[in-house]
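Presented below is the structure to which this report refers.
Quantities reported herein were computed from a predicted structural model and do not represent experimental measurements. For the single chain, residues carry numbers from 1 onward in sequence order.
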Amino acid sequence: MLNEWFPNVKWDSMWEATMETLYMSAISVIATFILGAILGLLLFLTSKGNIWENIAVNKVISAFVNIFRSIPFIILIVLLIPFTKFLIGTMIGEDAALPALIIGAAPFYARMVEIGLREIDKGVIEAAKSMGAKTSTIIWKVLLPESMPALVSGITVTAIALVGYTAMAGVIGAGGLGNLAYLEGFQRSRNDVTLMATIIILIIVFIIQFIGDLITTKLDKR
């Protein structure tokens, strides 16, 4: 049945492209979660009235975040070509897409982390301070646990955006479903190949959203 509807689809190539997309998405999501959480914490902690209040540092981090989350992803890939070649050694393949994916998504997620931290009741933080809790204790025992539903919800949104980014990266040779849809589908006028690649991307997105919503619901104690 599938072969009748999608006569031009090479299923082994489609499977390989799917694995490449999942690889790029998984690695970039993990790195984005770590780097974005660090940047978001720094943005929150160095802002006015917080533990590490430092307006100069806050403005520098804020400027970095604003600049990189504002650059369209396809342009960011081009701007990062020298850095990517230095780091990876090539601009072709799924590994070559990772620097742009991470640098493009981490600042976006950092803002979501900051927003999640700002929603925490300040009374909880003040109570921890009054009991003599160290900064590390406040971060690990108060800030992160209290904001975890927002952090998971944020990384879910970011992960979905990253799947879309991998498709764009594929157009310039990064591999994955985007690359397959462009080279084997669009350029050869094989609409069934493009359609199947799109369907698989949608399935990946739906699965990510389902898992993210499930975890967020379990973590949210309100």
When you group the ILVMFWY residues by side-chain heavy-atom contacts below 4.5 Å and let the links chain together, are [Y] and [X] in the same group?
X: Leu43; Y: Val60; result: no
X: Ile75; Y: Ile77; result: yes
X: Ile30; Y: Met148; result: yes
X: Ile67; Y: Phe83; result: yes

Find out whether [X] and [Y] are in side-chain contact, i.e. whether some heavy atom of one side chain is under 4.5 Å from a heavy atom of the other.
X: Asn58; Y: Trp52; answer: no
X: Val29; Y: Ile208; answer: no
X: Met14; Y: Val193; answer: yes
X: Phe108; Y: Thr32; answer: no
X: Ile204; Y: Ser25; answer: no
X: Leu143; Y: Leu45; answer: yes
X: Phe33; Y: Thr158; answer: no

Please report the shortest heavy-atom distance between [X] and [Y], naming the atom on each side.
X: Leu180; Y: Ser13; result: CD2-O, 4.1 Å
X: Ala110; Y: Leu39; result: CB-CB, 3.6 Å
X: Ala128; Y: Ile138; result: CB-CG1, 4.1 Å
X: Gly176; Y: Met24; result: CA-CE, 4.1 Å
X: Ala181; Y: Ala197; result: CB-CB, 3.8 Å

Find the distance between [atom1] ([X]) and [atom2] ([Y]) and round it off to the nearest 0.5 Å.
X: Ile88; Y: Leu80; atom1: CD1; atom2: CG; value: 11.5 Å
X: Ile115; Y: Ser147; atom1: CD1; atom2: OG; value: 12.5 Å
X: Ile61; Y: Leu41; atom1: CD1; atom2: CG; value: 10.5 Å
X: Ser70; Y: Leu76; atom1: OG; atom2: CG; value: 11.0 Å
X: Gln209; Y: Thr216; atom1: CD; atom2: OG1; value: 8.5 Å
X: Met112; Y: Leu117; atom1: CE; atom2: CG; value: 12.5 Å

- request: Check the pair Ile139, Thr135 against side chain to side chain contact (heavy atoms under 4.5 Å, CB included), reporting the backbone distance first and the verdict last.
  value: CA-CA 6 Å; Ile139 291 172; Thr135 302; 4.0 Å; yes
message: For Phe44, give me all partners under ring pair (Phe, Tyr, Trp, His ring centres under 6.0 Å), at least two apart in sequence or on another chain.
response: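 Phe44 satisfies ring pair (Phe, Tyr, Trp, His ring centres under 6.0 Å) with no residue once adjacent residues are dropped.
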message: Holding to ring pair (Phe, Tyr, Trp, His ring centres under 6.0 Å), I want the full list of residues that pass it with Phe68, two or more places apart in sequence or in another chain.
response: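 With neighbours one apart ignored, the set is Phe64.
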- prompt: Counting only N and O atoms by type, is there a donor-acceptor contact under 3.5 Å from the side chain of Asn50 to the main-chain atoms of Glu53?
  reply: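 No.
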query: So, Tyr23 side chain and Asp95 main chain: donor-acceptor pair closer than 3.5 Å or not?
result: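 Judged by distance alone, no pair lies under 3.5 Å.
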Donor on one side chain, acceptor on other, Asn191 and Thr194, under 3.5 Å: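 No pair is found: no donor N or O on one side chain lies under 3.5 Å from an acceptor on the other.
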All side chain to side chain contact (heavy atoms under 4.5 Å, CB included) counterparts of Ile207, not counting sequence neighbours: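 For Ile207 the side chain to side chain contact (heavy atoms under 4.5 Å, CB included) partners, ignoring immediate neighbours, are Ile203, Ile211.
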field: Residue among Leu177, Leu22, Thr21 satisfying side-chain contact (heavy atoms from CB on, under 4.5 Å) with Ile200
entry: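 With Ile200 as partner, Leu177, Leu22, Thr21 yield a single side-chain contact (heavy atoms from CB on, under 4.5 Å), made by Leu177.
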Return all side-chain donor-acceptor pairs below 3.5 angstrom for residues 98-107, not counting sequence neighbours, or 'none' if the list is empty.
none

field: Side-chain hydrophobic cluster, 4.5 Å single linkage: members besides Leu202
entry: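 Joined to Leu202, directly or through intermediates: Phe206.
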- request: Under the salt bridge (Lys or Arg N to Asp or Glu O under 4.0 Å) rule, collect the residues that match up with Arg111, sequence neighbours excluded.
  value: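 Scan of Arg111 (salt bridge (Lys or Arg N to Asp or Glu O under 4.0 Å), adjacent residues dropped) gives Glu114.
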